[in-house]
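Worksheet for the structure shown next.
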Amino acid sequence: IANRQNYLKKALSVINKIEPLVGQCSDLKIKTMFYSQTGAIYRRLEQYERSVEQYQSGLKYAAALPTAHYQTLLTNS
């Protein structure tokens, strides 16, 4: 369990570094997947409110895509 927590904390550090870059990205698929993955990490860290925020951001970008594929991925998380 300790190794898992260390891994998740490292992932959170990476998220904090690249999130500003994702905000500047114009590719909606990248934004959708980023927020989907960060939502999962926050959920595993038991930061549920932040997790929901990330999933909601992902859904916002997924809704702008031409197919519902990414919306489906996010709602099944």
Side-chain angles (χ1 to χ4, degrees):
I1 294 178
N3 283 339
R4 180 178 176 175
Q5 288 299 320
N6 287 336
Y7 173 77
L8 292 171
K9 287 180 182 179
K10 287 179 184 178
L12 193 55
S13 174
V14 171
I15 288 168
N16 290 329
K17 289 178 184 175
I18 66 171
E19 190 165 18
L21 300 174
V22 172
Q24 297 173 12
C25 179
S26 62
D27 189 325
L28 297 178
K29 290 179 186 177
I30 289 174
K31 287 183 174 188
T32 300
M33 294 309 296
F34 173 79
Y35 288 110
S36 172
Q37 295 303 309
T38 57
I41 291 168
Y42 281 112
R43 184 182 51 176
R44 289 186 181 108
L45 287 167
E46 298 179 359
Q47 295 182 25
Y48 301 116
E49 188 171 313
R50 184 73 172 134
S51 175
V52 169
E53 291 170 1
Q54 297 296 297
Y55 284 131
Q56 288 175 333
S57 292
L59 281 170
K60 177 180 75 172
Y61 293 114
L65 292 169
T67 67
H69 173 75
Y70 289 95
Q71 292 173 350
T72 303
L73 290 174
L74 281 160
T75 57
N76 287 328
S77 296

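Residue numbers start at 1 and run along the sequence shown.
- With hydrogens and angles ignored, the 3.5 Å screen pairs no side-chain donor or acceptor of Ser36 with any backbone N or O of Thr32.
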Ignoring hydrogens and angles, write down the donor-acceptor pairs under 3.5 Å from the side chains of residues 9-21, residues two or more places apart or on other chains.
residue, atom, partner, partner atom, Å
Asn16, ND2, Leu12, O, 3.2

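- Tyr7 and Ile41 end up in the same hydrophobic cluster when Ile, Leu, Val, Met, Phe, Trp and Tyr side chains are linked at under 4.5 Å.
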Evaluate the criterion side chain to side chain contact (heavy atoms under 4.5 Å, CB included) for residue pair Glu49 and Glu53; output intermediate values, then yes/no. CA-CA 6 Å; Glu49 188 171 313; Glu53 291 170 1; 4.0 Å; yes
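- For the atom pair Tyr55 OH and Arg50 CZ, the distance stands at 13.0 Å (nearest 0.5 Å).
- Taking each heavy atom of Gln5 and Leu45 in turn, the nearest pair found is OE1-CD2, 3.7 Å.
- With sequence neighbours excluded, the residues that form a side-chain contact (heavy atoms from CB on, under 4.5 Å) with Ile30 are Cys25, Asp27.
- Considering all non-hydrogen atoms of both residues, Gly39 and Ser51 come closest at O-OG, 2.7 Å.
- Scanning both residues, Lys31 and Gly23, for their nearest heavy atoms gives NZ-O, 3.5 Å.
- Under a hydrophobic-cluster definition in which Ile, Leu, Val, Met, Phe, Trp and Tyr are linked whenever side-chain heavy atoms come within less than 4.5 Å, directly or via other members, Leu65 and Val22 are assigned to the same cluster.
- In this structure, the side chains of Arg43 and Gln54 stay at 4.5 Å or more apart for every pair of heavy atoms.
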